[in-house]
Visitor: 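First, the structure itself, so that you have it in front of you.
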There are 2 protein chains.
Amino acid sequence: MKNYIQYLNKAFENRIRLGIMSILMVNDWVEFSEMKEMLDITDGNLASHISALEKIEYVEVKKQFVGKKPNTSYAVTKAGKKAFNDHLDALEKLLKNRD
Amino acid sequence: MKNYIQYLNKAFENRIRLGIMSILMVNDWVEFSEMKEMLDITDGNLASHISALEKIEYVEVKKQFVGKKPNTSYAVTKAGKKAFNDHLDALEKLLKNRD
DNA sequence: TAAAAGTACTTTGTAATGCAAAGCTATAAA
DNA sequence: TTTATAGCTTTGCATTACAAAGTACTTTTA
């Protein structure tokens with residue numbers, strides 16, 4: 001048997017980061033507050049996980065004003081998409097292609 | 001959108017425990033040394049993760065002698081199977097049934 | 001028969017991680 | 001002028017991860 005766990009991406013081990021990525025994989029540009037509500041976590045907690053994904057360039061940020069209110073939105077980068085798909089492939093192999 | 005991350009099982013967040021469970025889901029009674037080799041981790045590390053799964057009764061242990069050597073084997077319990085399948089369902093929903 | 005090796009842990013120590021709560025900055029609305 | 005909103009950052013504490021070393025018992029080897 002091949003050791004598939006080595007291909008799992010440490011960045012996606014945490015449930016919140018898994019949630020963030022799975023949201024961003026199917027939604028272009030999601031707002032901070034929207035994401036916070038979807039995941040049902042504190043703003044500080046979300047900020048720290050998002051910034052971890054930002055630091056490794058899996059997520060990009062857009063800051064703008066909507067009307068007169070500040071608004072931050074997030075999207076997954078190309079590298080983030082690849083990394084996440086690779087992770088899902090590894091997960092699938094781990095779970096199904098066992099011999 | 002429903003918040004699916006809440007249904008993920010904390011016990012399976014770690015990659016090694018995910019590996020242990022996915023091995024035990026398809027193999028009845030796997031030996032300590034065999035598992036250690038499959039996962040390619042230190043014996044101490046394996047022992048601690050296994051004992052965490054034992055403590056919550058997702059894994060059961062059988063100690064015997066094979067010839068004259070001590071031999072420890074592990075299997076997933078009924079509760080462990082259910083918990084793991086529930087976790088996989090949650091994962092799948094998180095990743096695919098997004099709306 | 002003494003030393004080395006194997007099996008399966010347990011203990012120790014340290015670093016990393018997770019998270020809530022509080023604090024902060026800036027603007028805007030009441 | 002107080003309060004609210006948005007989005008963080010900092011703090012502090014508890015938990016987790018993991019390597020390395022230690023342990024106990026048995027067996028093999030020199």
Side-chain angles (χ1 to χ4, degrees), chain A residues 3 5-24 29-75 87 94, chain B residues 3 5-24 27 29-56 58-75 87 94:
Chain A
N3 162 23
I5 73 169
Q6 69 178 301
Y7 300 114
L8 296 175
N9 193 326
K10 275 222 159 198
F12 306 134
E13 207 162 336
N14 175 271
R15 54 174 51 207
I16 292 173
R17 278 184 322 253
L18 205 60
I20 292 169
M21 289 302 290
S22 74
I23 288 170
L24 293 183
W29 299 111
V30 179
E31 293 174 18
F32 184 90
S33 58
E34 205 180 334
M35 188 110 78
K36 180 186 138 155
E37 200 204 342
M38 283 194 241
L39 296 170
D40 192 27
I41 53 178
T42 62
D43 52 358
N45 199 1
L46 176 56
S48 81
H49 282 295
I50 279 272
S51 98
L53 292 171
E54 235 184 288
K55 202 163 295 165
I56 55 177
E57 294 179 336
Y58 285 176
V59 161
E60 58 180 320
V61 192
K62 187 170 61 182
K63 279 162 196 286
Q64 57 185 355
F65 279 82
V66 172
K68 288 176 182 170
K69 287 183 182 173
N71 178 279
T72 307
S73 291
Y74 302 96
H87 179 75
L94 175 70
Chain B
N3 161 22
I5 72 168
Q6 71 179 298
Y7 301 114
L8 295 175
N9 192 327
K10 275 224 159 199
F12 307 134
E13 208 162 336
N14 175 271
R15 55 174 48 210
I16 292 173
R17 272 177 333 248
L18 205 59
I20 292 169
M21 289 302 290
S22 74
I23 287 169
L24 293 182
N27 298 102
W29 300 109
V30 179
E31 293 174 18
F32 184 89
S33 58
E34 203 181 335
M35 188 110 78
K36 181 186 143 166
E37 200 204 343
M38 283 195 239
L39 297 171
D40 192 28
I41 53 177
T42 61
D43 51 359
N45 199 0
L46 176 56
S48 82
H49 283 295
I50 279 273
S51 98
L53 291 171
E54 233 185 289
K55 202 163 295 166
I56 56 178
Y58 285 176
V59 162
E60 57 180 319
V61 192
K62 186 171 62 184
K63 280 164 196 286
Q64 57 186 351
F65 278 82
V66 172
K68 288 174 182 173
K69 289 183 182 175
N71 178 280
T72 307
S73 292
Y74 302 96
H87 178 75
L94 175 71

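Values reported hereafter were calculated over all heavy atoms of this structure, with side chains retained and with hydrogens, waters and symmetry mates removed. Below, chains carry the letters A, B, ... as their sequence lines are ordered, and counting in each starts from 1.
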Visitor: Residues of residues 46-56 of chain B with any non-hydrogen atom less than 4.0 angstrom from an atom of DNA chain C: list those, numerically ordered, please.
Guide: B/Ala47
Visitor: Which part of the nucleic acid, if any, lies within reach of B/Ile16 when heavy atoms closer than 4.0 Å are counted: base, sugar-phosphate only, or nothing?
Guide: sugar-phosphate
Visitor: Checking A/Glu13 now: which residues fulfil salt bridge (Lys or Arg N to Asp or Glu O under 4.0 Å) with it, not counting sequence neighbours?
Guide: B/Arg15
Visitor: Can you tell me how far CD of B/Glu54 sits from OG of B/Ser51, rounded to the nearest 0.5 angstrom?
Guide: 6.5 Å
Visitor: Kindly write out the residues that satisfy side-chain hydrogen bond (donor to acceptor under 3.5 Å, both in side chains) with B/Tyr74, not counting sequence neighbours, or none if the list is empty.
Guide: none
Visitor: Under 3.5 Å, which donor-acceptor pairs link side chains of residues 37-50 of chain B to any protein atom two or more places apart or in another chain?
Guide:
from: B/Thr42; atom 1: OG1; to: B/Asn45; atom 2: N; distance (Å): 3.3
from: B/Asn45; atom 1: OD1; to: B/His49; atom 2: NE2; distance (Å): 3.3
from: B/Ser48; atom 1: OG; to: B/Asn45; atom 2: O; distance (Å): 3.1
from: B/His49; atom 1: ND1; to: B/Arg17; atom 2: NH1; distance (Å): 3.1

Visitor: CG of A/Asn71 versus P of D/dC8: gap in Å, rounded?
Guide: 10 Å
Visitor: Give the rounded distance in Å between these two atoms: CD1 of A/Ile41 and P of D/dC8.
Guide: 13 Å
Visitor: Measure CD/A/Glu13 against P/D/dA17 and give the value in whole Å, please.
Guide: 8 Å
Visitor: Please tabulate, for the side chains in residues 55-66 of chain A, all donor-acceptor contacts under 3.5 angstrom to protein atoms that are two or more places apart in sequence or on a different chain.
Guide:
from: A/Tyr58; atom 1: OH; to: A/Asn9; atom 2: ND2; distance (Å): 3.2

Visitor: Nearest-Å distance, CZ (A/Phe12) to P (C/dG18)?
Guide: 13 Å
Visitor: Below the 4.0 Å mark, does C/dC9 have OP1 or OP2 next to a side-chain nitrogen or oxygen of B/Lys63?
Guide: yes
Visitor: Rounded to whole angstrom units, what separation is found between the CZ atom of B/Arg15 and the P atom of D/dA17?
Guide: 11 Å
Visitor: When you check the phosphate oxygens OP1 and OP2 of D/dC8, does a side-chain N or O of A/Tyr74 lie under 4.0 Å from one of them?
Guide: yes
Visitor: Can you tell me if B/Thr72 touches the phosphate of C/dT7, counting only side-chain N or O atoms and a distance under 4.0 Å to OP1 or OP2?
Guide: no
Visitor: For nucleotides 21-28 of chain C, list the nitrogen or oxygen atoms of the protein found under 3.5 Å from its nitrogen or oxygen atoms, one pair per line.
Guide:
from: C/dA28; atom 1: OP1; to: A/Lys68; atom 2: O; distance (Å): 3.4

Visitor: Where each pair must be Watson-Crick or G-U wobble with both distances under 3.5 Å, what dot-bracket representation of DNA chain C is obtained, with crossing pairs in [ ] and other-strand partners as |?
Guide: ||||||||||||||||||||||||||||||
Visitor: To the nearest 0.5 Å, how far apart are CG in B/Leu53 and CE in B/Met21?
Guide: 6.5 Å
Visitor: So how far is it from A/Ile23 CD1 to A/Leu18 CG, rounded to the nearest 0.5 Å?
Guide: 10.5 Å
Visitor: Considering non-hydrogen atoms only, spot the tightest contact between A/Ile20 and A/Met35 and give its length.
Guide: CG2-CE, 4.1 Å
Visitor: Would one find a side-chain N or O of A/Asn14 under 4.0 angstrom from OP1 or OP2 of C/dT17?
Guide: no
Visitor: What is the distance, rounded to the nearest whole Å, between atom CZ of A/Arg17 and atom P of C/dG18?
Guide: 5 Å
Visitor: Does anything in residues 29-36 of chain A reach DNA chain D, meaning a heavy atom under 4.0 Å, and if so which residues?
Guide: A/Phe32, A/Ser33
Visitor: Could you tell me how far apart A/Lys62 (NZ) and D/dC8 (P) are, to the nearest whole angstrom?
Guide: 14 Å
Visitor: Of all residues at least two apart in sequence or in a different chain, which pass the side-chain hydrogen bond (donor to acceptor under 3.5 Å, both in side chains) check with A/Thr72?
Guide: none
